[in-house]
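Reminder, nothing fancy here: chain letters follow the sequence lines and each chain counts from 1.
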Amino acid sequence: MADLPASLIKALDSLEKAAESKDSKICALSLRLLHGFRSKINLSTLASLFKICFNKEVQWGENQTVYTVQYKSAEVALYLSILSVMLLIKENRLREAEEITKFELQKTHSRNSQPLIAKLYYYLGYIYELKADLDVKEFLQYYRTSCLKHDTFSQAVLINVILRFYLLTNKVRLAKEFSEKTGFPDTSGYPEIARNQFYLGKIKALTLNYTESHGHLVQAARKAPENGAKGFKLAVEKLRILIELLMGTIPSRKSLLAMKGVIPYVDLIRAVRMGELDKFAEVLDNNKTIYIEDMNYSLVTRLRHIVIKSGLKRINLAYSAISIQDVAYKLGLKPQDTEFIIAKAIRDGVIEAFIDHESKELKSKTIEDVYTTNDPQTFLQKRIDFCIGLRNDTVKAMQFPQNKNNAEVKENNEDIDFDLLSDDDDF
Amino acid sequence: MSLQALKQGTSTLELNLSISSPPDLLNAVNSLWQVAIQVPSMPPSAVKNESELKGIRDFFEAALKCYIKCADFTGIEQCFEILTNLYQDYSEILKDSEDQWKIWGLYLTYLLSYNKIEEFHSELESVPWNLYTDNKYIQFAVTLEQFFMEGNYQEVLSAKNHSPSSEFDFFINRISDTIRFEIASSFEKAYEKLSVEGACQLLKLNDYSELAAFLQAYAERSGKDIWRIENNELLIKSNEKKTHEIPKWQLINQALNYAIELERIV
């Protein structure tokens, strides 16, 4: 008898209990352990586990402990199916994994096993991706079914699978329309929210809505798990750097040093900051394959005009008046085009200057003192709004602990009030 | 039955493309469209027959050329919609058409000419990146957009001289108009005054009367009348100094909001 981790037995036990108490939270919790079993058990142990679980007492482990394993609930069976699907995928037996998944999905399940079903959908999406069969139609059907069943867990997973497939096949318009016409259930778990925010960020970026995209990406980074998920966090970070550049800001140095693997993007930042087109072309050439692999190439090519703009910015700060000819020379542009480019930069608010057409000169305007404008007021307003929003969200997010009697709940209630007051002090 | 008719119609349409007058051409296309609808594989039908789909695609490719020749915008738009759908979703059944990338290039240029930059980028994503430089039609659209974004209007206006195919000219002409408005809106911010000759030169207009006509059109379209011509010089009103006002109503609203929120917290 091979070793089985005790945590697995624990998870199965709690699932059995969950089936009795009809608590879907435990199902969700037990799923978190799933990934840990990946390296600990293999298919043959799983096979014997299947046999055992629904039969009688067995002994296993180093000290031959006796466990009573008589599970009746469908949840445990489902959990074991998920486990086997995961292991089959690991051994690249996709066809069998797909069969099991579809077999389980065809059965009717109780409401509290919804998180488990969602996980099955997740693996089904993964299997299809590995098969390189990125047809969305089937998943749209699943999505419709999950909506009819009010299964928010599956909805969240399926929305993400569908968006992912659309993005992998470069169908940005469809992805955008799909994301606009479906409501992502806000009760879903952090991993799904993080994924969703990332996809939304990508879609918004591709459709030129950089400000919103940035917001989504920041959310994605925040909701990503603190440990692990390195690939995901790296992808978010890369995209965030690009978006910040496209918005005309330079990402702060501190945030960059945290991760390796962003170096090709740091090179980009350098080129943009210097405003040198030659350097930019060189970086683009050197790292082309990386950008293409990250599916960010088209976004990177959009940076060209940002490079010009930041070059203009530097010149504008350094000179109070400069001939257009010189600007063209410094930026590596054709002289006859430069006047239009400068004019557009001024219109877009990149530089504060005006052009004297007769003498062919670019003259800087004296920079206005920001404190004479309303800008500080609007920024203050923005921040206060953010704080108030944050507080209201935290209040909404608070939950009462389950399975406690009323007296305790009341006590807790007072505790919460107290906590809130102390929060106010921080304001 | 209808497939045969469609195929015949398409070939006569292509023959007549350069000979017929626009109204005749439009009639021919529109009546053929009716035939196309009756073919069982016409999208979004569930029937997918290769030869039928090929016939449909050939027809719409020909129809697009006709519509461009007749400058029929709704027709152009509908053709693009059907064709891009055919290229993308039926790629497993249909082999790539010869004209596929040319039509993609046309479509991208069309989106640019309507200033639909957002759609331009989402559609561009579905084009393989190596075609950005390897395919002359795609490359043309991509560089055009780049010039557009940079504000390199000079190059955009001269794009006409090296368009990859005659069908593109129609859209480029539209872009030139759009560009002129873009240039004018940059003027508002970038110049304090301009000589009339200078303005004509920058806008690629011939003389004073054309400039005046353009300025009037601009004022109508943008809803702002900010140009003045004095002593052979263009003056821009909006650059006169603005004074900042205290946004009192906004401030009152904000203060009240803070009070409400504070009340809720305490």
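The minimum heavy-atom distance between A:Lys344 and B:Phe148, with the atom names listed, is CE-O, 3.8 Å. Summarising the geometry of B:Ala190 relative to A:Ala343, their closest heavy-atom pair is CB-CA, 3.8 Å, with the distance given to 0.1 Å. The nearest pair of heavy atoms linking B:Gln146 to A:Thr301 is NE2-O, 4.1 Å.
For B:Tyr258, the part lying under 4.5 angstrom from a heavy atom of chain A is the side chain only. Within the 4.5 angstrom heavy-atom criterion, atoms from both the backbone and the side chain of A:Leu206 approach chain B. In this structure, chain A has heavy atoms under 4.5 Å from both the backbone and the side chain of B:Glu182. In this structure, chain A has a heavy atom under 4.5 Å from the side chain of B:Leu251, while its backbone stays farther away. With a 4.5 angstrom heavy-atom cutoff, A:Lys334 touches chain B only via side-chain atoms. Using a 4.5 Å cut-off between heavy atoms, A:Asn209 makes no contact with chain B at all.
Of the N and O atoms on the side chains of B:Gln250 and A:Gln377, not one donor lies less than 3.5 Å from an acceptor on the other residue.
Applying the salt bridge (charged side-chain N to carboxylate O under 4.0 Å, His left out) criterion to B:Glu119, with sequence neighbours excluded, gives no partner residue.
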For salt bridge (charged side-chain N to carboxylate O under 4.0 Å, His left out), just list the numbers for B:Glu125 and A:Arg173, CA-CA rounded to whole Å, side-chain angles, deciding distance to a tenth of an Å, and then say yes or no. CA-CA 9 Å; B:Glu125 281 301 307; A:Arg173 189 165 46 94; over 6 Å; no
